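A short worksheet on the structure shown next.
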Amino acid sequence: MKYKAVIFDLDGVICHTDENHYQAWKSVADSLGITFDRTVNDRLRGVSRRESLEIMLESHDEEMEEAEKKHWSDQKNQRYRESLKTLTPENLDPGVTETLSVVRKMGILMAIGSSSKNTKYILERLGLADAFDAISDGNGITKAKPDPEIFLRAASQMGVQPEDCLVVEDAKVGIEAALAAGMDCAAIGDGTRYGMAQYNLDQITDLVAILEQTPWQSILKDLK
Ligand code: BG6
Ligand code: MG
């Protein structure tokens with residue numbers, strides 16, 4: 001087996017909470033009278049809450065005091081958390097459930113590597129609290145993606161080397177973080193637009209074929 005562990009991003013990979021993030025930021029932008037669309041939103045993928053606010057404020061004319069920034073960042077999180085209340089295991093795509101179960105049966109370790117401070121809450125709501133061998137999230141990190149810290153911490157929690165890990169990501173900064181960590185990356189969704197990852201997935205179930213590759217098949221693929 002080429003990889004000993006898979007590190008999954010959460011929002012936009014395991015679940016569709018990237019849409020909840022978008023709706024919450026859109027509602028804050030509307031409250032502030034700022035133009036905000038899905039193109040700007042793609043720049044927020046994988047980026048910390050605070051940095052997301054800064055990106056959103058790029059099109060705001062007035063300077064904002066620190067206290068006000070904190071207020072709107074908290075507002076976004078409140079609106080986001082409110083929308084998560086309806087999340088249940090039913091919201092998991094069957095392909096995700098199937099993939100997690102097959103990867104587990106293959107004996108490959110699994111972790112979450114997400115910038116979100118809401119990671120554990122979301123995993124609980126989805127019934128995935130015990131589905132992973134390690135959870136590395138936005139709590140207690142010193143540097144957010146594209147810094148490799150989140151992924152390196154996940155690898156170290158699982159006791160594996162970075163080169164033994166494959167990261168699944170939908171965000172440009174997430175792919176950059178995986179590559180900076182010395183890990184391979186499989187891009188999905190918006191992440192496939194950048195041509196930066198070793199693999200592009202049309203759907204999450206495509207991951208299984210990549211993991212089934214023996215090292216020899218991988219070497220032949222690299223030579224092609
Ligand atoms: C990432 C999302 O997973 O988490 C970003 O892609 C988000 O959009 C970031 O800003 C931080 O999330 P949270 O839940 O801590 O605000
Ligand atoms: Mg994501």
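Every number for a ligand or one of its atoms is a count from 1 in the order of the listing. Worth saying up front: this structure is predicted, and the values here are computed from it rather than measured. Counting begins at 1 with the first residue of the sequence.
Dense packing is recorded around CG of Asp37, with more than 12 heavy atoms of other residues, nucleotides or ligands lying under 6.0 Å away. In Lys143, the NZ atom is not crowded: 12 or fewer heavy atoms of neighbouring residues, nucleotides or ligands sit closer than 6.0 Å.
Rounding to the nearest 0.5 Å gives a distance of 10.5 Å between CG of Asp133 and CD of Gln157. To the nearest 0.5 Å, atom CD of residue Glu124 and atom CG of residue Asp130 are 9.0 Å apart.
Checked by atom type, the side-chain pair Asn91/His16 shows no donor-acceptor distance below 3.5 Å.
No donor-acceptor pair closer than 3.5 Å links the side chain of Glu163 to the backbone N or O of Gly182.
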One line per pair, note the atom names and distance for all nitrogen or oxygen contacts under 3.5 Å between ligand 1 and the protein.
residue: ligand 1; atom: 3 (O); partner: Asp11; partner atom: OD2; Å: 2.6
residue: ligand 1; atom: 6 (O); partner: Gly46; partner atom: N; Å: 2.8
residue: ligand 1; atom: 8 (O); partner: Leu44; partner atom: O; Å: 3.1
residue: ligand 1; atom: 10 (O); partner: Val47; partner atom: O; Å: 2.7
residue: ligand 1; atom: 10 (O); partner: Ser52; partner atom: OG; Å: 3.4
residue: ligand 1; atom: 14 (O); partner: Ser116; partner atom: OG; Å: 2.6
residue: ligand 1; atom: 14 (O); partner: Asn118; partner atom: ND2; Å: 2.7
residue: ligand 1; atom: 15 (O); partner: Arg49; partner atom: NH2; Å: 3.1
residue: ligand 1; atom: 15 (O); partner: Lys117; partner atom: N; Å: 2.7
residue: ligand 1; atom: 16 (O); partner: Arg49; partner atom: NE; Å: 2.7
residue: ligand 1; atom: 16 (O); partner: Arg49; partner atom: NH2; Å: 3.4

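The side-chain tip of Lys26 does not point at the ring of Tyr22 from less than 6.0 angstrom away and within 45° of straight on.
Near-neighbour remark for the Mg ion (ligand 2): protein N, O or S atoms under 2.8 Å are Asp9 OD2, Asp11 O, Asp170 OD1; waters not counted.
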How far apart are the C-alpha atoms of Glu176 and Lys172, what are their side-chain angles, what is the distance that settles it, and do they pass the salt bridge (Lys or Arg N to Asp or Glu O under 4.0 Å) test?
-> CA-CA 6 Å; Glu176 286 166 350; Lys172 185 167 182 269; 3.4 Å; yes
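Between Asp184 and Val167 the shortest side-chain heavy-atom distance does not fall below 4.5 Å.
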